[in-house]
J.: 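Input: one structure, supplied below.
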Amino acid sequence: MRMYELRPFFRCGLARIMHWMRQHAITATSLAAALTIALPQSLCAQTVRPSGAQAPVVSKIEPPNWWVGLTSDLLLLLSGKHLDATHTECNLPTVKVSRTQSSAGGDYLFVWLKIGSDTKSGTLVCRFTTPNGPGTFELPLAARKPTLGRFQGLAPEDVMYLIMPDRFANGDPSNDEPADRPGSHDRSKPRAYHGGDLLGIREHLPYLKDLGVTTLWLTPVVKNATPDEYHGYGAADLYAVDPHLGTLEDYQQLVAEAHRQHMKIFFDAVPNHVGPKHPWVNNPPLPDWFHGTKERHIDSFPPVKGSFYGLPDDRPNDLFEAVVDPHAPLRLKRNLTEGWFFGLLPDMNTENPIVAQYLLQNSIWWTESSGLDGFRVDTFPYVDRTFWAGWHAGLRKLYPNLTTVGEVFHPDASVTSFFEGGRRQWDGIDSGLTTLFDFPLFFAIRDILLHDAPAGRIADVLRHDSLYPRPNLLMPFFANHDITRFASEKGSSLAKLQLAFGLTLTLRGIPELYYGDEIAMPGGGDPDNRRDFPGGWKEDPRNAFTPEGRTPEQQQVFAYTQALLKLRREHPALQGGELWHLSSDASSYVFLRQGGDERIVVGFNKSSTPVALRIPLNDTPARGISGAATIFGAGKAVAVPDELTVTLPAESLSIFSVD
Ligand SMILES: [Ca+2]
Ligand SMILES: [Ca+2]
């Protein structure tokens, strides 16, 4: 028995405990042994659990702990039974209960606290009165850790790497099938848990550092409930790490160790919905906790068939277009923000201020608990914009450097750019979002390399950068966990995969890579695109985390990616430098990156034959150069002050330093 489990008994009175000890012939000299003796619940029944079957029971407190000097307001959500509190007060004079509200027949109690700035760390003990007797709850209040080196946010030199923790590396086989999740683990089933965990990631930080990435985005680590929620997007408890992945301490240790190795960790936040097995679904804390109910709700599909905007038939009609449209009636948008995702996932009523405060506090709790550096924000357009404004304002007040990256899965920059924060849109709202994954560029890269689209599509995407407040923070990528692996797309090849890395790591912005692409991992659509990293399990026949464990093809792509990452690290122009188009046509795109004291030219040729280009420079920032040297790839460049002659081999990307 741990010490804190004895607290309710001591609270019921030492005299009673002494009496019980005498009755059971336990002497004072064996008092210490009481720490390991299970004291009977009945001992304190009259004080902790008042008479009758209706006595209040607190089974869960969210958040389970907090910090002094962090926020002055705190909303607690107590779950349990018979929590119809009529009066609540706490033991610290600097903490006031400003309001309470019980709901769902007493299954929940909301408690609003005002935490004075002079509050000392310790355990807050609160007592409440109900018609059926009193109850108590406790809230540990800790001092904040020093903030130096935590909550860092992204910088131009960063490169993000997306990991699905269940599929990366198994550091602790003992948690593969937690006791309360029987039958959930089976590596032969693509939708079951495979055993990867947080310790596995921590153990492989040196591999990631050697590859050259700086920032890890982990798909959600919160507790899920069904056997096929290995991906983490079906939260059943927003205040717990899924036991397959480890513990909160494992998450804290991962962040701390990443920081020690000068890496950053991003948390996948999903305020839009919880999983279908969350206890709230059958018993919500408030009647309007969700948009609708399990039995009666709208879904996230478009209410109209065909394209409302007259777009080509092959462009899927989606609600994102209506949401950014200042002329669209609400009925065209409501399914997006209030519908249950895929008709399946319970949609949080983020317009309700109590829900909004719960969700903001949850994000603060993960940040403060771990020191994480930013949030990848799931399903960003599916949540009302007023919520995002408040969520970002609340986070930024505490963590000004924290970066948020929104998922807006859409090919059109006029849609994606609308969601970036930093300015009020036509609705008067600044979403607060730092930046976005560059989905328009993702579609262009795949179309160019795999579907015969002209190379000039890159310039076409980039000309829309005028729509974004901070285009240099956009996140180029060619893969994530929702898309068929590049290596398994029809028409793919190792050469094309390398070109996808080449473009992603040299175009403007902060790149995102998907685990395993650096070793050309294959895989079809979800969940086949989430296979186990070979070598992450000790029983694996090959260990691709090591050079000797890689096949020649795996090593080829790994070495290519590693070399590009090293080059990006060594050249500030490739990080935050300005980008200028130099030449663009159906088969090639040549661009300049200029930053600090250096100028870098990148030449991309998608065609199966070499190209030779004479590029005038006199109206570009590259004018006046006197030399060019190849620093990556097999291309050649010759410079005269007003012209650059570039020769690019078939299916290649070359990088030149010019001066
Ligand atoms: Ca494991
Ligand atoms: Ca929603």
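Remember, it's 1-based here, ligands and their atoms both numbered in the order they're listed.
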J.: Do Tyr382 and Phe320 have their ring centres less than 6.0 Å from each other?
T.: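 Ring-ring flag for Tyr382/Phe320: true, centres closer than 6.0 Å.
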J.: Please check this pair: side chain of Arg99 against backbone of Trp112, looking for a donor-acceptor N/O pair closer than 3.5 Å.
T.: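 Not at all, since once roles are kept as given, no pair shorter than 3.5 Å links the two residues.
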J.: For the Ca ion (ligand 1), find the closest N/O/S atom on Asp172 and give its atom name.
T.: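 Looking at Asp172, the N, O or S atom with the least distance to the Ca ion (ligand 1) is O.
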J.: Please check: side-chain N/O of Ser370 versus main-chain N/O of Val255, any donor-acceptor pairing under 3.5 Å?
T.: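 No.
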J.: Which heavy-atom pair separates Ile265 from Tyr251 by the least distance, and what is that distance?
T.: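 Heavy atoms of Ile265 and Tyr251 come nearest at CG2-OH, 3.7 Å.
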J.: Is the distance from the ring center of His481 to that of Tyr233 below 6.0 Å?
T.: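 Between His481 and Tyr233, the centre distance is under 6.0 Å.
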J.: Are Phe533 and Phe545 close enough that their ring centres sit under 6.0 Å apart?
T.: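 So the answer is yes for these two rings.
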J.: Assess Asn170: does it contribute an N, O or S atom lying under 3.0 Å from the Ca ion (ligand 1)?
T.: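 It does: Asn170 brings an N, O or S atom closer than 3.0 Å to the Ca ion (ligand 1).
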J.: Of all the heavy-atom pairs spanning Phe558 and Leu211, show the shortest one and how long it is.
T.: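 So the minimum-distance heavy-atom pair works out to CE1-CD1, 3.7 Å.
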J.: Answer yes or no for Gly195: is there an N/O/S atom below the 3.0 Å cut-off from the Ca ion (ligand 1)?
T.: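 Given the 3.0 Å cut-off, Gly195 counts as a ligand of the Ca ion (ligand 1).
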J.: Can you tell me which N/O/S atom of Asp176 has the shortest distance to the Ca ion (ligand 1)?
T.: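 Result: OD1.
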J.: Evaluate the ring-ring contact (aromatic ring centres under 6.0 Å, His included) criterion for residues Tyr358 and Trp280: first the C-alpha distance (whole Å), next the side-chain angles of each, then the deciding distance (0.1 Å), finally the verdict.
T.: CA-CA 13 Å; Tyr358 175 96; Trp280 292 335; 5.2 Å; yes
J.: Tell me how many protein N, O or S atoms are within a distance shorter than 3.0 Å of the Ca ion (ligand 2).
T.: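 Counting protein N, O and S atoms closer than 3.0 Å to the Ca ion (ligand 2) gives 5.
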J.: Looking only at N, O or S atoms, find the one in Asp197 nearest to the Ca ion (ligand 1) and name it.
T.: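 That would be atom OD2.
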